[in-house]
Structures are given as C-alpha cells and as structure tokens.
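Right, one structure below, let's go through it.
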Amino acid sequence: LLVVPAAAWAVHPLEVEDTFTQGKGNYLFELNGDYIRDNAFKTTQVNGIITAGAGKRTDLALEVPYLMLNPSEATGQYERGTGDLRFKIKHQLFENEVHQSMGYLIYGDFPTGNADEGLGKHGVVWGFKLMDTQGCCSNFFHMNAGYEVLGGDVKKLQFGIDYAITYGLAMEHKVTEPFRFLAELKGENRREDGRYSRPYTFLAGFKYDISRSWYVDLAARAGLNRYAEDYAVLAGTAWRF
C-alpha cells in the first residue's frame, strides 16, 4: 500500500494509462511540454490538464493543448495556437488484494483548434480505453487497449472509415523512495483520410517526487518504424491538492 500513492499521480510522460484515480474531492494540475520531430515537421506542444476526483473511483479531466507547428502539414508555414480540447472520464472498476485493478477511460476531442492551420481536426473524435494495472514489489505494469473514431462516423454507424486501434504496455519501477524509472512500448493501427499506418514507439524516462504533492518527469521517445515520429522529448510537472 505504501507504493500505491507514488504511482497514483497521472500518466505523463506515458501515454499508456494506469487505473488509479485521485479520490473524491482531490485535484491534480499538470503542466507539461513535448517536442516532437517527424521528418521535416517539428511540433512543440504545451498542455495544461486539470483532473478532479468526482467519486471514490471516478475522475473527470480537461486537457487544454497549445501547439507550435514548424511547419504545419496543412499550410507548410509556421502556425501556433490552441488545439482541440480533450475531456476525459476515468473509472476504476475494481482493485483486489494483490494490487491488480481494471478500469476504463472515455474521452472526447472537441474541435476548438483551427483545422485549416493544422491545429485541430474537422469534427469531434471519440475514444475508449480498457486499462489493467498490476503491482508487484517495487513495480507497476499497465496495459491498455483502445479504439477511437470520428463523431460523424458514429452518427452514420460507419466505424471502419477513419479509426484507430491503440494498444500498449508500460512499466514503473521504484528505484528509491522518490525516484521511479519509466518504460513504455506503444502501437496503433490507424486509418485516416484513406491512409493506413501502424506507428510503434518506445519511451524511457523517470519521475521524481519532490514532495508528497509535487513531482517532475522527463522522458525521451523514439519511433520504431517508418510510420512513427523520429523522436520526442517530454517534460512535465504536477501538483496534487
């Protein structure tokens, strides 16, 4: 049980979600920045995320991204501005006596970013993830499987036009009391605008707890095939209150 609070912070820099929630009446504010290089395209993204414990096992979260595209794939020029807002509902279904737990996540990306400048999408994107977390000694293992689709296709009951199937495995290893090593292997099967891709990435990094209510993280991510980004550098911090 002493290990659980250290792992129950948030996801960044991992994209594979854990099943932990904040607890009713608790809040988490995250501020993180990602630099992504994909061939000639460079993206800097700054995210502000507020998560509220709406129930004992349920979280509500709002993510506000700010993007700097150099250049934008849509215009071929430097563009910057707010991207699409993401709203998330996360629920832990159960947690047993051997620290194994399951949950699900529902999220929606709303078209607040300028799609013509490459800062967002034309329409709402809905997504769903199943999550499993297993704790053992000083380790936590997280597994995800998910699906996302455009809102317009949901209304038409056409789930196979533009979609993404996501999956991943992540590990957190507690090296010392405040220091955790992170690793992640993630993949997608994505069809978008008539193009099919299967990007795979690997991430390694760490989290450091400055106090019981404040941590920082740093990680590097590399693409493993031609569909994925070249590399990314991720850094962030979060406060729990």
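Atoms considered below: every heavy atom in the structure, side chains included; atoms not considered: hydrogens, waters and symmetry mates.
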Q. Ion pair present between Arg180 and Asp209, side-chain N to carboxylate O less than 4.0 angstrom?
A. yes
Q.
For the residue pair Glu148 / Tyr107, report whether a side-chain donor-acceptor contact shorter than 3.5 Å exists.
A. yes
Q | Heavy atoms from other residues, nucleotides or ligands near NZ of Lys88 exceed 12 (cutoff 6.0 Å) | A | yes
Q: Could you check Lys90 against Asp18 for salt bridge (Lys or Arg N to Asp or Glu O under 4.0 Å), going step by step and ending with a plain yes or no?
A: CA-CA 10 Å; Lys90 181 179 182 181; Asp18 60 45; 2.9 Å; yes
Q. Are Ile49 and Leu85 connected in a single hydrophobic cluster, I mean Ile/Leu/Val/Met/Phe/Trp/Tyr linked by side-chain heavy atoms less than 4.5 Å apart?
A. no
Q: Indicate whether any N or O donor in one side chain lies under 3.5 Å from an N or O acceptor in the other, for His142 and Glu184.
A: no
Q) Taking the side chain from Asp84 and the backbone from Lys121, do they hold a donor-acceptor pair closer than 3.5 Å? A) yes
**Q.** Straight-line distance of Thr133 OG1 to Met102 CE, nearest 0.5 Å
**A.** 9.5 Å
Q: Compare every heavy atom of Asp116 with every heavy atom of Thr75, then report the nearest pair and how far apart it is.
A: CG2-O, 3.4 Å
Q: Hey, could you give me the CD/CG distance between Glu73 and Asp38, rounded to the nearest 0.5 Å?
A: 7.0 Å
Q: Step through the shown structure and confirm whether more than 12 heavy atoms of other residues, nucleotides or ligands are within 6.0 Å of OH on Tyr27.
A: no
Q: Determine the minimum heavy-atom distance between Gly236 and His12, stating which atoms define it.
A: N-CE1, 4.0 Å
Q) Should Leu31 and Met68 be counted in the same cluster of Ile, Leu, Val, Met, Phe, Trp and Tyr side chains packed under 4.5 Å apart? A) yes
Q) Is the backbone N or O of Gly103 less than 3.5 Å from a side-chain atom of Thr19, with the two atoms forming a donor-acceptor pair by type? A) no
Q) For the side-chain hydrogen bond (donor to acceptor under 3.5 Å, both in side chains) test, which of Glu172, His173, Gln134 pairs with Asn139? A) His173
Q) Can you find a pair of side-chain heavy atoms, one from Pro71 and one from Phe41, that are under 4.5 Å apart? A) yes
Q. If you round to the nearest 0.5 Å, how far is CG of Asn144 from CG of Leu105?
A. 8.5 Å
**Q.** Any donor-acceptor N or O pair under 3.5 Å, side chains Asn47, Gln45
**A.** yes
Q: Kindly work out whether a path of hydrophobic side-chain contacts (I/L/V/M/F/W/Y, heavy atoms less than 4.5 Å apart) joins Ile165 to Met143.
A: no
Q) With a 4.5 Å heavy-atom cut-off, do Leu203 and Lys186 have their side chains touching? A) no
Q. Do you know the tightest heavy-atom contact between Thr166 and Glu188?
A. CG2-CG, 3.8 Å
Q: Show the numbers, then the answer: is there a side chain to side chain contact (heavy atoms under 4.5 Å, CB included) between Asp59 and Gln92?
A: CA-CA 9 Å; Asp59 283 352; Gln92 185 189 73; over 6 Å; no
Q | Side-chain heavy-atom pair Ile89, Leu60 within 4.5 angstrom cut-off | A | yes
Q | Side chain proximity check, Leu185 to Leu224, heavy atoms < 4.5 angstrom | A | yes
**Q.** Any donor-acceptor N/O pair, Thr237 side chain to Tyr215 backbone, under 3.5 Å
**A.** yes
Q. Between Phe110 and Trp126, does the ring centre distance come in under 6.0 Å?
A. yes
Q.
Are Asn32 and Leu234 packed together at the side-chain level, in the sense that at least one heavy-atom pair is separated by less than 4.5 angstrom?
A. no
Q) Quick check: does any side chain N or O of Arg57 sit under 3.5 Å from a backbone N or O of Leu93, one acting as donor and the other as acceptor? A) no
Q | Straight-line distance of Gln77 CD to Asn70 CG, nearest 0.5 Å | A | 11.0 Å
**Q.** Between Phe206 and Phe179, ring centroids under 6.0 Å
**A.** yes
Q) Asp217 and Lys207: salt bridge (Lys or Arg N to Asp or Glu O under 4.0 Å), yes or no, with the steps? A) CA-CA 4 Å; Asp217 63 68; Lys207 284 184 180 179; 5.8 Å; no
Q. Considering all heavy atoms of both residues, which atom of Ala228 and which atom of Tyr200 are nearest to each other, and what is their separation?
A. CB-O, 3.4 Å
Q.
In the structure I gave you, are the side-chain heavy atoms of Asp230 and Asn39 within less than 4.5 Å of one another anywhere?
A. yes
Q. Do Phe181 and Tyr208 belong to the same hydrophobic cluster, where Ile, Leu, Val, Met, Phe, Trp and Tyr are linked whenever their side-chain heavy atoms lie under 4.5 Å apart, directly or via other members?
A. yes
Q: Report whether Trp239 and Val216 are members of the same hydrophobic cluster (ILVMFWY, side-chain heavy atoms less than 4.5 Å apart, transitive linking).
A: yes
Q. Heavy-atom count around Phe29 CZ within 6.0 Å, excluding the residue itself: above 12?
A. yes
**Q.** Distance, nearest 0.5 Å, that separates OH of Tyr35 from OH of Tyr231
**A.** 4.5 Å
(Q) Testing the basics here: between Leu14 and Ala170, what is the closest heavy-atom pair and its distance to 0.1 Å? (A) CD1-CB, 4.0 Å
Q | Contact check, side chains of Pro111 and Val124, non-hydrogen atoms, under 4.5 Å | A | yes
Q. Rounded to the nearest 0.5 Å, how far apart are OH of Tyr104 and CE of Met131?
A. 9.0 Å
Q) Counting distance only, does the side-chain N/O of Asn26 pair as donor-acceptor with the main-chain N or O of Gly53 below 3.5 Å? A) no
Q. What heavy-atom pair brings Arg198 and Asn189 nearest, and what distance separates the two atoms?
A. CG-OD1, 3.5 Å
**Q.** Atom CZ of Arg37: over 12 foreign heavy atoms under 6.0 Å
**A.** yes
Q.
Keeping Asn96 on the side-chain end and Val98 on the backbone end, is there a donor-acceptor pair under 3.5 Å?
A. yes
Q) What orientation do Phe140 and Phe20 show, parallel under 30°, tilted 30 to 60°, or perpendicular over 60°? A) perpendicular
Q: Kindly say whether Gly83 contributes a backbone atom to a donor-acceptor pair with the side chain of Thr112 at under 3.5 angstrom?
A: yes
(Q) Would you say that Arg80 contacts Tyr66 through its side chain, given a criterion of any heavy-atom pair below 4.5 Å between the two side chains? (A) yes
Q | From CA spacing to verdict: side chain to side chain contact (heavy atoms under 4.5 Å, CB included), Thr58, Thr21 | A | CA-CA 6 Å; Thr58 304; Thr21 55; 6.0 Å; no
